[in-house]
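Accompanying notes for the structure given below.
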Amino acid sequence: DWAAHTRVDTLSPELLAKMKKAGCSYLTLGVESGNQYVLDNFVKKGIKLENVEKAFKWTREAGIMTGAYFIIGIPGETKENMLETIEFAKKLNPDIVNFNIARPMPKTEMYELAKKYGKITAKDWDDYDFDAKPVFESNLWTQKELEEIYRLAYWSFYFRPSVILKQVLSIRSASDLKRIFRGG
């Protein structure tokens with residue numbers, strides 16, 4: 001039994017069938033945004049939302065659990081774009097979702113975008129500790145608004161009745177129950 005992380009543009013039904021046969025039980029896919037404009041102009045990963053949907057469909061059809069990584073607060077992204085990402089995550093309906101706040105690291109293209117679309121608020125390297133605290137404030141939203149959207153992302157994804165029911169029905173042991181409470 002094994003798990004992996006990959007890009008959506010590396011998958012095919014044939015590859016996923018081979019992965020399942022080899023014991024893959026869980027696959028996390030990097031989606032980043034649920035808005036095509038943000039993907040094309042700021043993330044520049046070269047993926048299309050329709051291909052993301054296909055990759056998740058194929059992964060489920062192969063019998064492999066899915067996880068999705070999203071980033072909110074990307075320099076140039078609007079509040080509306082972030083809300084579209086949350087809705088896209090719910091549409092994809094992966095087994096597990098991770099929302100992360102963008103971290104424009106010095107000497108990267110994202111850092112230069114952050115300076116263009118707002119200001120870097122990190123004072124030193126300790127501010128880049130990858131907790132939920134933003135290190136960038138956009139001209140399009142405040143850090144407080146970003147933190148609220150971050151919380152909304154998790155609440156609106158995990159507190160849907162279908163997700164709660166799925167979690168309850170997955171309980172087979174005390175350790176399953178402990179895992180769910182720890183995750184919550």
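Position 1 is the first residue of the sequence; numbering continues from there.
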How long is the gap from CE on Met105 to NZ on Lys107, to the nearest 0.5 Å? 12.5 Å
Distance col, row Met110:CE vs Lys115:NZ, nearest 0.5 angstrom, shows 14.5 Å
Heavy-atom closest pair, residues Ile120 and Pro104: CD1-CB, 4.2 Å
Let's go through Leu16 and Leu27 carefully: what are the C-alpha distance in whole Å and the side-chain angles of both, what is the deciding distance for side chain to side chain contact (heavy atoms under 4.5 Å, CB included) to 0.1 Å, and is it a yes or a no? CA-CA 10 Å; Leu16 287 159; Leu27 192 59; 3.6 Å; yes
When you measure from the side chain of Gln36 to the backbone of Ile47, do you find a donor-acceptor pair of N or O atoms at a distance under 3.5 Å? yes
Decide side chain to side chain contact (heavy atoms under 4.5 Å, CB included) for Asn98 and Asn100; before the verdict, give the C-alpha distance in whole Å, the side-chain angles of both, and the deciding distance to 0.1 Å. CA-CA 6 Å; Asn98 249 322; Asn100 296 289; 4.2 Å; yes
How many angstroms lie between OG1 in Thr66 and CG in Asp95, if you round to the nearest 0.5 Å? 4.0 Å
Report yes or no: do Glu137 and Thr142 form a side-chain donor-acceptor pair below 3.5 Å? no
Under a 4.5 Å cut-off applied to non-hydrogen side-chain atoms, are Pro75 and Lys116 in contact? no
Note: Met82 and Gly73 closest approach over all heavy atoms is SD-N, 3.5 Å
Between Asn81 (side chain only) and Glu77 (backbone N and O only), is there a donor and an acceptor less than 3.5 Å apart? no
Return yes when atom CD of Glu112 has more than 12 non-hydrogen atoms of other residues, nucleotides or ligands closer than 6.0 Å, and no otherwise. yes
Just checking Tyr150 against Trp155, ring centres under 6.0 Å apart? no
Looking at every heavy atom in both Thr85 and Ser33, which two are closest together, and how far apart are they? OG1-OG, 3.3 Å
Below 30° counts as parallel, above 60° as perpendicular, anything between as tilted: where do the rings of Tyr154 and Phe99 land? perpendicular
Kindly say whether Tyr26 contributes a backbone atom to a donor-acceptor pair with the side chain of Trp2 at under 3.5 angstrom? no
Sorted by chain and residue number, the salt bridge (Lys or Arg N to Asp or Glu O under 4.0 Å) partners of Glu80 (sequence neighbours excluded) come out as none
When you compare the side chain of Met65 with that of Arg60, does any pair of heavy atoms fall below 4.5 Å? no
With salt bridge (charged side-chain N to carboxylate O under 4.0 Å, His left out) as the criterion, how do Glu87 and Lys90 come out once you've worked through the C-alpha distance, each side chain's angles and the decisive distance to 0.1 Å? CA-CA 5 Å; Glu87 290 307 309; Lys90 292 191 285 191; 2.9 Å; yes
Tell me if a side-chain donor or acceptor on Thr121 pairs with a main-chain N or O of Val135 at a distance below 3.5 Å. yes
Checking Tyr128, Trp141, Tyr117 against Phe136 for ring pair (Phe, Tyr, Trp, His ring centres under 6.0 Å), the one that qualifies is Trp141
Suppose we screen for salt bridge (Lys or Arg N to Asp or Glu O under 4.0 Å). Which residues come up paired with Lys21, at least two apart in sequence or across chains? none
Rounding to 0.5 Å, atoms CZ (Phe42) and CG (Leu113) come to a distance of 6.5 Å
Salt-bridge criterion met for Asp40 and Lys48 (N-O under 4.0 Å): yes
Can you tell me how far apart CZ (Phe88) and CG (Leu83) are? Round to the nearest 0.5 Å. 15.5 Å
Of the non-hydrogen atoms in Ala68 and Val31, which two are nearest, and what is the gap between them? CB-CG2, 4.2 Å
Spell out, yes or no, whether Leu39 and Tyr69 are grouped together once hydrophobic residues are joined by side-chain heavy atoms under 4.5 Å, including indirect joins. no
Measuring only between side-chain heavy atoms, which start at C-beta, is Ile149 closer than 4.5 Å to Lys79? yes
Closest contact, heavy atoms only, Ala55 versus Thr59: O-OG1, 2.6 Å
Begin from the C-alpha positions of Leu11 and Leu29 and carry the test side chain to side chain contact (heavy atoms under 4.5 Å, CB included) through to its verdict. CA-CA 10 Å; Leu11 298 175; Leu29 305 169; 3.5 Å; yes
Out of Lys44, Lys45, Arg7, which one pairs with Glu32 under the salt bridge (Lys or Arg N to Asp or Glu O under 4.0 Å) rule? Lys45
Using salt bridge (charged side-chain N to carboxylate O under 4.0 Å, His left out), reason through Glu53 and Lys57 one step at a time and then give a plain yes or no. CA-CA 6 Å; Glu53 292 181 74; Lys57 177 180 177 279; over 6 Å; no
Evaluate whether atom OH of Tyr158 has more than 12 neighbouring non-hydrogen atoms of other residues, nucleotides or ligands under 6.0 angstrom away. yes
Heavy atoms of Ser156 and Ile86 approach each other most closely as OG-CG2, 3.2 Å
Cation over ring, Arg160 on Phe157, under 6.0 Å and within 45°? yes
Calculate, to the nearest 0.5 Å, the distance between atoms CG and SG belonging to Asp1 and Cys24 respectively. 8.5 Å
